[in-house]
Amino acid sequence: MAKIKKDTNLRKSILQAAITGQLISNVKGETKTGKELLDKIIEERNAKLLADWEEAKKKNSKAKKPTPIVASEITEDEIPFEIPKSWCWCRLGDVVTILGDGLHGTPKFDISGEYYFVNGNNLSNGIIEIKSDTKKVNEKEYEKYKKDLNKYTIFVSINGTIGNIAFYNNEKIVLGKSACYFNVAIEDLKKFFFYLFNTDFFLTYALDNATGTTIKNVSLGTMRNFIFPLPPLAVQNAIVAKLEEVLPLVDAYENAVLQKEELKTALPDKVKKAILQEAIQGKLTKSWRKTTTIEESGKQLLDKIIEERNAKLLAQWEEAKKKNPKAKKPAPIVPSEITEDEIPFEIPKSWCWCRLSNLCNLYTGNSINETEKKLKYTNIKDGWVYIGTKDVGFDQTINYDNGIKIPFEKDTFRIAPKNTVLMCIEGGSAGRKIAFTNQDVCFGNKLCCFNPYKYEVEKFLFYFLQSTVFIDAFKDNINGIIGGVSINKIKEMLFPLPPLAEQEKIVEIIEQILPLCEKLGG
């Protein structure tokens, strides 16, 4: 069953509404604008640059005076959507004081070190995750690669997995190259940036401008040039407060929808398994047995099957003696012995336990390689259709129109007669692909034919082979590199044999209920 993905469209829509001013555009009493906030940030950054320059001159009188920072020019064509009048557009490089990435060399790792080597995949939903396989470095190695990380720092992954975000919280870390860090000019900006980098608006920009094919990489220049809408600080705070109120409810809703979809998808399969288990234990027909006279028990049916098999063996021996008077008389078949410890569950008194070898002739088909198929058996007009594992669907259908046929004169090929069961018993589909034949077919060596000695049991057998008790027994016996179960192991598996009339009733009930199960997922 394919894994169902969480639908995050509602969350994405709310975040998009937040950065376009549709969630909150103005705050009562707010008189400042986004442009004034940007000017203030740039003013403070320039003041810091000058202060740093004054300090530098004390050590080097020729220290170069820094070029003043000015707000980036943004053309009309670059603006992606309309924002409130009190907001303004700016570039990320305008409002961060440091923008860089982690080290590009490989540090010397030290299992006893105090500092963790953190990459983009350690950033998650605002926090730095230290995983069991996160490597460490010691103090000496940390000093080589330490960055200016402080309460103003935000991390964003820009190499490989793009868009993971975390705040710095005094963790002892060294950054790998896939983690980009920047320090905002005002600490209050941090949470707004957290939500900004969670939007499809940012992720689309980052991915559209990323380089690389196998591993996507967003350059620092691309990050600096990211254009985003800057609301006044009070509006930012109001947006953050509203998102912190609303998004947990959205997450709860999306998780509930996900669980509902998973249940909806899993329910038909779970109900089917439950029905089949009830069926093979005789619970589906409990009321039916109370009003019906059982004329032939499961034990009598088994004895009859074995009697007919012995009669057939004797008849074949008589024929063989005509050609070879010394032909050996076959040993009579007797019901397999079954110990109390082997019996997995209780069955009705009118049923009996037997082994599949008592009930069926089990055999695999013939192996044909792809060259033989193309050269010998393609476009044959008259012959048996050859069924390989790929021709049996997970939906219990068989593709008879595969263009491969075995000429009728090829009597060395094994046949699965009409109305018998084919099951894959080797490879990745072992125990999972099963189907009824609606005509005589030749078949591959990874398929097993379950050919009942008594024709009427084939439908009940088909459903038994899909039951949890059989599938569990099958899985317990899988071995080998490819993964499969031998014919001899399958022959030894137990089968609960009801009277024929009850088998027919069970099949009738199953085929009435199972279509209803499928509708549960609709």
Side-chain angles (χ1 to χ4, degrees), residues 1-3 269 272-273 276-277 280 333 336-339 341-345 353-377 384-400 402 404 406 410 412-417 420-437 441-453 457-458 461-496:
M1 185 177 68
K3 185 178 172 76
D269 186 54
K272 179 181 177 179
K273 287 178 179 177
L276 293 181
Q277 191 61 28
I280 66 168
I333 297 165
S336 300
E337 186 178 338
I338 297 171
T339 64
D341 293 341
E342 293 179 274
I343 295 173
F345 52 79
W353 285 102
C354 65
R355 298 196 190 276
L356 281 171
S357 58
N358 297 150
L359 189 74
C360 300
N361 188 10
L362 292 99
Y363 49 97
T364 53
N366 301 81
S367 174
I368 302 178
N369 61 40
E370 292 302 315
T371 303
E372 284 183 299
K373 285 181 185 178
K374 290 177 182 177
L375 296 179
K376 294 183 179 180
Y377 304 120
W384 292 288
V385 174
Y386 178 85
I387 302 301
T389 302
K390 66 180 180 60
D391 301 310
V392 180
F394 289 106
D395 59 353
Q396 299 177 356
T397 60
I398 294 176
N399 175 24
Y400 296 97
N402 59 16
I404 310 298
I406 308 300
K410 293 277 187 179
T412 55
F413 277 78
R414 298 189 187 102
I415 304 297
T420 52
V421 182
L422 284 179
M423 174 183 273
C424 177
I425 62 169
E426 184 178 330
S429 304
R432 298 168 60 215
K433 285 189 171 185
I434 182 171
F436 247 127
T437 59
V441 295
C442 292
F443 60 103
N445 64 321
K446 292 183 180 180
L447 294 171
C448 174
C449 176
F450 292 77
N451 186 0
Y453 292 108
V457 306
E458 86 286 352
L461 170 67
F462 176 66
Y463 289 118
F464 168 77
L465 295 176
Q466 298 172 62
S467 70
T468 302
V469 69
F470 174 78
I471 295 300
D472 287 348
F474 185 91
K475 287 178 180 177
D476 288 344
N477 284 284
I478 290 177
N479 57 31
I481 297 173
I482 298 175
V485 181
S486 71
I487 287 289
N488 287 336
K489 289 287 186 183
I490 297 172
K491 287 179 177 179
E492 290 299 303
M493 292 180 187
L494 298 187
F495 180 83

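Count residues from 1 along the sequence. Everything numeric here is computed off the predicted structure, so don't read it as measured data.
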Are any of the side-chain heavy atoms of Phe345 and Gln277 separated by less than 4.5 Å?
yes

Please list, chain by chain and in numerical order, all residues satisfying side chain to side chain donor-acceptor pair (under 3.5 Å) with Thr412, sequence neighbours excluded.
none

Apply the test side chain to side chain contact (heavy atoms under 4.5 Å, CB included) to residues Val385 and Cys442: give CA-CA distance (whole Å), side-chain angles for both, the deciding distance (0.1 Å), then the verdict.
CA-CA 6 Å; Val385 174; Cys442 292; over 6 Å; no

Measure across Ile425 and Thr364 and return the closest heavy-atom pair with its distance rounded to 0.1 Å.
CD1-CG2, 3.8 Å

From Glu372 CD over to Ser367 OG, what is the distance, rounded to the nearest 0.5 angstrom?
7.5 Å

Of the non-hydrogen atoms in Phe394 and Ser429, which two are nearest, and what is the gap between them?
CZ-OG, 3.8 Å

Quick one: closest heavy-atom pair of Cys424 and Glu426, and the distance?
SG-O, 3.2 Å

Should we count CD1 of Ile482 as having more than 12 external heavy atoms under 6.0 Å?
no

Pairs under 3.5 angstrom only: tabulate donor-acceptor contacts from the side chains of residues 466-481 to other protein residues two or more places apart or in another chain.
| unit_1 | atom_1 | unit_2 | atom_2 | d |
| --- | --- | --- | --- | --- |
| Gln466 | OE1 | Lys272 | NZ | 3.0 |
| Gln466 | OE1 | Gln396 | NE2 | 2.5 |
| Gln466 | NE2 | Phe462 | O | 3.2 |
| Ser467 | OG | Phe464 | O | 2.7 |
| Ser467 | OG | Phe470 | N | 3.4 |
| Asn477 | ND2 | Ala473 | O | 2.7 |

Minimum-distance pair of heavy atoms, taken over all atoms of Tyr386 and Asn445
OH-N, 4.4 Å

Does Leu461 reach the side chain of Cys360, with side-chain heavy atoms less than 4.5 Å apart?
yes

More than 12 heavy atoms of other residues, nucleotides or ligands under 6.0 Å from NZ of Lys410: is that the case?
no

Rounded at 0.5 Å granularity, tell me how far CG in Asn402 sits from NZ in Lys373.
7.5 Å

Are the side chains of Cys448 and Tyr363 in contact, using a 4.5 Å heavy-atom criterion?
no

Does a donor on one side chain sit under 3.5 Å from an acceptor on the other, for Asp395 and Thr397?
yes

State, yes or no, whether a side-chain contact exists between Phe443 and Ile406 at a heavy-atom distance under 4.5 Å.
no

Reported CD1-to-CG distance for the pair Ile387 and Asn399, which is rounded to 0.5 angstrom:
7.0 Å

Rounding to 0.5 Å, atoms CD (Glu492) and CD (Glu342) come to a distance of 8.0 Å

Distance check, rounded to the nearest 0.5 Å: Ile490 atom CD1 versus Leu356 atom CG?
8.0 Å

Non-neighbouring partners of Lys374 that pass salt bridge (Lys or Arg N to Asp or Glu O under 4.0 Å), sequence neighbours left out
none

Taking the side chain as every heavy atom from C-beta outward, state whether Phe413 and Ile368 have any pair of such atoms under 4.5 Å apart.
yes

Would you say the side chain of Cys449 lies within less than 4.5 Å of the side chain of Pro417, judging by non-hydrogen atoms?
yes

Any non-hydrogen side-chain atom of Asn358 less than 4.5 Å from a side-chain atom of Phe495?
no

Would you check if Tyr453 and Asn361 make a side-chain contact, meaning some heavy-atom pair closer than 4.5 Å?
yes

Would you confirm whether Tyr400, through its side chain, and Val441, through its main-chain N or O, come within 3.5 Å as a donor-acceptor pair?
no

For a quick test of reading the model, state the closest non-hydrogen atom pair linking Val485 to Met493 and the distance between them.
CG1-CE, 4.2 Å

To the nearest 0.5 Å, what is the distance between CG (Leu359) and CD (Glu458)?
10.5 Å

Could you check Asp391, Thr389, Val421 and say which one makes a side-chain contact (heavy atoms from CB on, under 4.5 Å) with Leu447?
Thr389

Any idea which heavy atoms bring Met423 and Ile434 closest together, and the distance?
CE-CD1, 3.7 Å

